[in-house]
Amino acid sequence: MNLIADRLDRISPSLTIAMTAKARALKAAGKDVISLAAGEPDFDTPRNVKDAAIAAIERGETKYTDVAGTMALRKAVCEKFKRDNNIDYKPEEILVATGGKQVIFDALVATINPGDEAIIPAPCWVSYPDIVALAEGKPVIVACGPNQGFKMTPEQLEAAITPKTKWLILNNPSNPTGAGYTAEELKGLAEVLLRHPNVWIFSDDIYEKLTYGIKFATLVEVEPRLKDRTVTMNGCSKAYAMTGWRIGFAGAPVQLIKAMDKLQSQSTSNTSSISQAAAIEALTGQQDSVEAMRVVYQRRRDLVVGMLNKAQGVRCPTPEGAFYVFPDIRGCLGKTSASGKKIETCEDFCLGLLEEQGVATVHGAAFMFPGHFRISYATDDASLTDACTRIQAFCAGLK
């Protein structure tokens with residue numbers, strides 16, 4: 001009898017976390033490494049948010065809360081959705097979880113039966129297909145290349161829907177590409193979805209506050225008729241530099257929220273009470289720090305795009321959101337690095353870049369889109385400049 005359950009054979013460890021860990025180990029061994037692998041802001045959590053957490057500790061708010069979150073936080077989430085997205089939710093339609101990833105896990109595991117399909121536009125975040133597979137569903141990967149801005153078209157969505165389709169998972173702006181859907185583009189997808197009433201929609205809006213040159217829109221905001229079969233997910237990790245606080249939340253129909261609450265009650269139960277107090281301040285307090293961070297990210301984006309497009313064999317489009325770029329490195333493949341390493345795949349490229357130049361990135365195949373790699377520019381300008389200079393050198397050494 002095997003100790004490890006067969007279901008774990010369906011999934012892989014997170015490759016973004018794996019590359020970050022590899023970079024950390026090399027650094028600990030004394031190697032000069034710049035890690036651009038993790039999707040984590042380098043900014044500190046805003047002072048007012050930290051103060052709110054400290055005050056909650058001093059007030060003794062250190063007990064269990066409702067599984068779905070404190071009433072105060074759920075009301076704050078409702079206010080956020082109304083203020084920012086013009087969506088009306090009631091507290092009973094809100095679930096707070098230990099990060100956005102748990103919201104995704106709760107929703108998919110609570111709803112997917114064996115053989116149910118989930119449509120996932122690719123490039124996509126590494127965890128979507130694995131969570132679907134763990135729930136015994138089938139990830140249906142739809143390739144959306146740079147020629148279409150890494151965004152799914154209505155025609156692609158229509159072609160991917162079958163009688164077994166349970167979910168469409170839409171990340172806007174996208175990890176890993178930074179591609180952002182406009183309201184008009186979302187309307188096109190909504191028209192398709194209205195023709196298929198059995199398809200549910202998971203809208204992952206975690207990078208909502210980080211857009212450049214486009215106005216953020218979410219699916220239910222654009223087409224309210226989809227509200228009764230949509231999960232609108234967001235959180236505090238990216239916009240408020242609160243990754244370690246582990247706060248994700250979602251609005252959805254009561255029936256689904258109750259199912260997700262039931263599942264969460266037998267896994268993690270409630271999110272940290274102190275993190276919830278901090279999240280209330282993040283969502284309802286002053287928002288100046290969010291815009292200040294967004295401006296810095298936009299400057300860094302322009303720096304990285306400009307430098308990468310000077311690297312031989314690299315083409316880097318300019319993203320509309322998040323804090324990633326997803327350059328095309330197919331012009332680098334089939335060559336040999338300065339140290340003699342054959343670069344046949346995007347994974348070879350990233351490993352060679354780490355070993356020879358000390359720059360940690362994530363290969364595109366991890367995001368279901370080979371021939372590319374992802375860089376997070378959520379780090380300081382000097383490190384980004386140094387890293388991009390090293391990437392230029394690595395590419396120049398390919399023969």
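Taking CE of Met233 as the start and CD1 of Ile169 as the end, the distance is 10.0 Å to the nearest 0.5 Å.
Counting only heavy atoms from C-beta outward, the side chains of Glu117 and Lys166 never approach each other to under 4.5 Å. Proximity of Val231 to Ser203: side-chain heavy atoms (C-beta onward) are nowhere separated by under 4.5 Å. Taking 4.5 Å as the limit, every side-chain heavy atom of Pro173 sits out of range of all side-chain heavy atoms of Leu210. For the pair Glu223 and Leu226, the minimum side-chain heavy-atom distance is below 4.5 Å.
A side-chain donor-acceptor contact under 3.5 Å links Gln287 and Tyr240. With no hydrogens or angles considered, no side-chain donor-acceptor pair links Thr271 and Gln276 at under 3.5 Å. Side-chain atoms of Arg374 and Asn175 include a donor-acceptor pair closer than 3.5 Å. Defined by atom type and a distance below 3.5 Å, a donor-acceptor pair is missing between the side-chain atoms of Asp386 and Ser383. Remark: the Asn85 side chain and the Thr218 side chain contain no N/O donor-acceptor pair separated by less than 3.5 Å. For the residue pair Thr70 and Thr65, no side-chain donor N or O sits within less than 3.5 Å of a side-chain acceptor on the partner.
Applying the ring pair (Phe, Tyr, Trp, His ring centres under 6.0 Å) rule to Trp200 yields the partners Trp167; only residues at least two apart in sequence or on another chain are considered. Listed by chain and residue number, Tyr207 satisfy the ring pair (Phe, Tyr, Trp, His ring centres under 6.0 Å) test with Tyr324 (two or more places apart in sequence, or in another chain). Taking Phe373 as the reference, Phe349 meet the ring pair (Phe, Tyr, Trp, His ring centres under 6.0 Å) condition, with sequence neighbours excluded.
A donor-acceptor pair under 3.5 Å links the side-chain atoms of Asp380 to the main chain of Ala382, judged by distance alone. Checked by atom type and distance alone, the side chain of Glu61 never pairs as donor or acceptor with a backbone atom of Ala56 at under 3.5 Å. Of the possible polar contacts, none joining the Thr336 side chain to the Lys341 backbone as a donor-acceptor pair under 3.5 Å is found. For Gln357 (side chain) and Val359 (main-chain N/O), no donor-acceptor pair under 3.5 Å exists by modelled atom type.
The existence of a salt bridge linking Lys258 and Glu92 is excluded, since no basic side-chain nitrogen approaches an acidic carboxylate oxygen closer than 4.0 Å. Lys227 has no carboxylate O lying under 4.0 Å from a charged side-chain N of Asp88, or vice versa, which leaves the two without a salt bridge.
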Practice problem: Could you check Lys209 against Met293 for side-chain contact (heavy atoms from CB on, under 4.5 Å), going step by step and ending with a plain yes or no? | Solution: CA-CA 10 Å; Lys209 300 289 186 181; Met293 287 187 278; over 6 Å; no
Compile the donor-acceptor pairs under 3.5 Å between side chains in residues 123-150 and protein atoms, sequence neighbours left out, one pair per line.
from: Tyr128; atom 1: OH; to: Asp204; atom 2: OD2; distance (Å): 2.5
from: Gln148; atom 1: NE2; to: Lys151; atom 2: O; distance (Å): 2.8
from: Gln148; atom 1: NE2; to: Gln156; atom 2: OE1; distance (Å): 2.6

Do any side-chain atoms of residues 298-306 form donor-acceptor pairs under 3.5 angstrom with protein atoms, and if so which ones, sequence neighbours left out?
from: Gln298; atom 1: OE1; to: Arg294; atom 2: NH1; distance (Å): 3.1
from: Arg299; atom 1: NE; to: Asp381; atom 2: OD2; distance (Å): 3.0
from: Arg299; atom 1: NH2; to: Asp381; atom 2: OD1; distance (Å): 3.0
from: Arg299; atom 1: NH2; to: Asp381; atom 2: OD2; distance (Å): 3.0
from: Arg300; atom 1: NE; to: Thr379; atom 2: O; distance (Å): 2.9
from: Arg300; atom 1: NE; to: Asp381; atom 2: OD1; distance (Å): 3.4
from: Arg300; atom 1: NH1; to: Asp42; atom 2: OD1; distance (Å): 2.8
from: Arg300; atom 1: NH1; to: Thr379; atom 2: O; distance (Å): 3.1
from: Arg300; atom 1: NH2; to: Asp42; atom 2: OD2; distance (Å): 3.0
from: Arg300; atom 1: NH2; to: Thr379; atom 2: O; distance (Å): 3.3
from: Arg301; atom 1: NH1; to: Pro319; atom 2: O; distance (Å): 2.7

Atom pairs and distances, side-chain donor-acceptor, residues 25-37, under 3.5 Å, sequence neighbours left out:
from: Lys31; atom 1: NZ; to: Glu355; atom 2: O; distance (Å): 3.2
from: Asp32; atom 1: OD1; to: Arg390; atom 2: NH2; distance (Å): 3.3
from: Asp32; atom 1: OD2; to: Arg390; atom 2: NH2; distance (Å): 2.7

